[in-house]
Amino acid sequence: MYSPEEEAELKRRNYRSIREMIRLSYTVGFNLMDPSRCGQVLRIWTIVLSLSSLASLYGHWQMLVRYIHDIPRIGETAGTALQFLASIAKMWFFLFAHRNMYDLLRKARCHELLQKCELFERMSDLPVAKIIRKQVESTMNWYWTSTRRQLLIYLYSCICITLNYFINSFVINIYRYFTLPKGSYDIMLPLPSLYPAWEHKGLEFPYYHIQMYLETCSLYICGMCAVSFDGVFIVLCLHSVGLMKSLNQMIEQATSDLVPPERRVEYLRCCIYQYQRVANFAAEVNDCFRHISFTQFLLSLFNWGLALFQMSVGLGNNSSITMIRMTMYLVAAGYQIVVYCYNGQRFVTASEEIGNAFYQVRWYGESREFRHLIRMMLMRTNRGFRLDVSWFMQMSLPTLMAMVRTSGQYFLLLQNVNQK
């Protein structure tokens with residue numbers, strides 16, 4: 001479909017669409033461009049980050065033990081702990097499924113499935129090939145533009161909440177250091193945690209610096225690991241949707257006047273071969289994210305409820321800092337699940353349109369073999385593609401609404417417990 005020069009330009013253009021995600025992935029220990037390059041060093045960095053974050057669980061546990069009766073405080077402590085535990089699970093999954101994700105991302109970046117499509121080679125002597133190629137390129141460019149838009153929104157929302165936690169703690173500690181007597185103040189860490197043995201050490205080296213390092217590692221992977229991992233999902237999901245839309249455009253031309261009647265069976269076979277490739281790619285994407293996404297969905301149920309509860313506490317105490325922080329947190333955490341469910345719904349809808357595209361061609365005036373192939377494809381497309389969350393549900397808008405209702409119930413429960 002593409003010449004070597006066009007293929008190289010396509011790779012460069014698609015790389016520019018996801019370059020922020022690629023660069024961020026290096027900082028959490030993954031090379032999505034070439035796993036063999038610096039693989040051992042990056043793997044060690046992943047392990048160091050995850051172990052440092054796990055060590056910070058001690059501080060979170062001590063905070064829960066001391067303030068067990070303070071529902072607002074333990075709510076934020078538990079919520080942030082669950083968030084970075086989910087990020088650690090993604091990092092370790094990334095560690096063992098790195099090659100698989102790289103292969104899928106490579107296929108998406110170079111449009112490998114379109115490159116292998118026989119239609120552009122076998123029908124190259126017909127005007128329909130140029131028309132379809134123009135339509136397909138327009139469709140794929142639109143979905144890559146949509147991919148970049150979603151990635152940037154997600155990136156900026158995660159950066160905002162991460163910087164809010166870090167800068168707020170850093171500025172408050174510096175202010176207390178210069179304005180209050182030594183030993184008379186408590187330090188504030190990026191995430192709510194407590195280290196009793198170093199509680200009265202203030203900003204002394206190395207006690208403060210060790211605590212800041214552990215909590216900053218946890219905070220960083222909460223935001224940047226989410227962008228790297230979920231960003232790969234956005235790319236692969238929307239690329240799959242683009243492939244399905246492109247396939248529909250190919251099928252629609254099967255009985256057009258641009259395809260001679262004696263070559264329509266061959267044309268339809270090319271569409272069927274492409275359907276099988278798209279089906280295999282969709283199944284690989286589903287298998288890759290099927291089980292690890294369950295962790296994110298489960299923890300988001302609690303985190304949304306906790307964030308709403310923190311917002312209500314901040315509103316009741318007239319605390320603008322808490323309100324702003326929890327609003328940004330809810331935007332980032334909410335967008336994380338919206339990305340899965342909204343794109344999952346687009347994935348399902350696009351797959352359902354394939355069967356309709358086969359049915360809409362003027363098959364009733366074609367040869368017996370052509371009609372037989374159409375019947376076969378109508379049976380095969382009865383079961384569309386989908387993105388599952390383990391064995392329990394699928395990524396779709398009804399799932400999103402169910403999660404919103406459940407999170408609201410957790411919020412009401414926390415409010416009732418706090419009032420009592």
Side-chain angles (χ1 to χ4, degrees), residues 56-57 59-90 154 157-158 160-162 164-165 191-193 218-219 221-223 225-226 230 291-342 344-345 388-420:
S56 70
L57 275 176
H60 288 261
W61 173 252
Q62 291 297 325
M63 178 70 86
L64 288 172
V65 170
R66 175 169 296 188
Y67 299 102
I68 191 64
H69 299 295
D70 188 345
I71 301 299
R73 184 169 293 189
I74 67 171
E76 185 177 7
T77 304
T80 53
L82 290 173
Q83 189 65 46
F84 77 72
L85 284 175
S87 296
I88 291 174
K90 291 178 180 178
Y154 194 19
S157 61
C158 289
C160 285
I161 184 60
T162 302
N164 179 275
Y165 271 101
L191 294 180
S193 57
S218 300
L219 176 64
I221 68 169
C222 280
C225 181
D230 300 335
H291 296 297
I292 188 63
S293 62
F294 176 69
T295 305
Q296 184 62 59
F297 273 71
L298 185 62
L299 294 181
S300 292
L301 282 174
F302 298 100
N303 284 342
W304 286 2
L306 291 171
L308 289 171
F309 175 69
Q310 289 293 327
M311 287 180 65
S312 68
V313 171
L315 185 63
N317 297 335
N318 293 322
S319 174
S320 58
I321 294 178
T322 302
M323 277 291 298
I324 293 172
R325 173 180 293 180
M326 287 301 108
T327 300
M328 290 191 295
Y329 181 86
L330 196 59
V331 168
Y335 191 76
Q336 188 175 36
I337 297 301
V338 168
V339 159
Y340 280 97
C341 292
Y342 174 65
Q345 184 65 58
D388 297 311
V389 183
S390 193
W391 294 287
F392 304 102
M393 52 187 150
Q394 71 179 79
M395 301 177 194
S396 62
L397 293 180
T399 299
L400 177 62
M401 296 308 299
M403 291 188 63
V404 171
R405 287 195 296 269
T406 306
S407 298
Q409 293 171 357
Y410 287 134
F411 161 65
L412 294 175
L413 175 64
L414 286 171
Q415 268 201 327
N416 291 335
V417 172
N418 187 46
Q419 289 173 357
K420 292 178 180 180

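Values in this document were obtained by computation on a predicted structure and should not be read as measured data.
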Problem set entry | Nearest-0.5 Å distance, CD1 of residue I88 to NZ of residue K90 | 12.0 Å
Seminar exercise, completed: For F392 and F294 the tightest heavy-atom approach is CD1-CE1, 3.5 Å
For this session: List the steps, then state whether side chain to side chain contact (heavy atoms under 4.5 Å, CB included) holds for I292 with Q296.
Result: CA-CA 7 Å; I292 188 63; Q296 184 62 59; over 6 Å; no
Seminar exercise, completed: Heavy-atom nearest pair, A332 first then Y154, reads O-CE1, 4.0 Å
For this session: Measure across S87 and C225 and return the closest heavy-atom pair with its distance rounded to 0.1 Å.
Result: O-SG, 3.5 Å
Exercise. Are more than 12 heavy atoms from other residues, nucleotides or ligands located less than 6.0 Å from atom OH of Y342?
Worked result: no
Exercise. Measuring from T77:OG1 to D70:CG, what's the distance to the nearest 0.5 Å?
Worked result: 8.5 Å
Seminar exercise, completed: Between G305 and Y410 the two heavy atoms that sit nearest each other are CA-CB, 4.4 Å
Problem set entry | N416 (side chain) donor-acceptor with L412 (main chain) under 3.5 angstrom | yes
For this session: Decide side chain to side chain contact (heavy atoms under 4.5 Å, CB included) for E76 and Y329; before the verdict, give the C-alpha distance in whole Å, the side-chain angles of both, and the deciding distance to 0.1 Å.
Result: CA-CA 11 Å; E76 185 177 7; Y329 181 86; over 6 Å; no
Exercise. So do the side chains of Y165 and S218 get within less than 4.5 Å of each other, counting heavy atoms only?
Worked result: no
Problem set entry | Contacts of type side chain to side chain donor-acceptor pair (under 3.5 Å), residue S407, not counting sequence neighbours | none
Exercise. What are the two closest non-hydrogen atoms of D388 and S293, and how far apart are they?
Worked result: O-OG, 3.9 Å
Problem set entry | Distance in Å, L57 CG paired with L85 CG, rounded so as to fall on 0.5 Å steps | 5.0 Å
Exercise. Would you say Y340 and L400 make side-chain contact, with heavy atoms under 4.5 Å?
Worked result: no
For this session: Indicate yes or no: at least one non-hydrogen side-chain atom of T406 is less than 4.5 angstrom from one of W304.
Result: no
Problem set entry | All side chain to side chain donor-acceptor pair (under 3.5 Å) counterparts of S396, not counting sequence neighbours | T399
Exercise. When M403 is tested against each of V338, L298, I337 for side-chain contact (heavy atoms from CB on, under 4.5 Å), which residue passes?
Worked result: I337
Exercise. Between CD of Q336 and SG of C341, what distance do you get to the nearest 0.5 Å?
Worked result: 11.0 Å
For this session: Can you sort out the partners of L82 under side chain to side chain contact (heavy atoms under 4.5 Å, CB included), two or more places apart, ordered by chain and number?
Result: L299, F302, N303
Exercise. In Å and rounded to the nearest 0.5 Å, what is the OG1 to CD1 distance from T162 to I221?
Worked result: 11.0 Å
Exercise. Is there side-chain contact between T80 and P192, with heavy atoms separated by less than 4.5 Å?
Worked result: yes
Exercise. Are the side chain of Q345 and the backbone of L397 linked by a donor-acceptor contact shorter than 3.5 Å?
Worked result: yes
Exercise. Hey, what do you get for CD1 (I74) to CZ (R66), rounding to the nearest 0.5 Å?
Worked result: 15.0 Å
For this session: Could you tell me whether the side chain of S157 and the main chain of V331 form a donor-acceptor pair under 3.5 Å?
Result: no
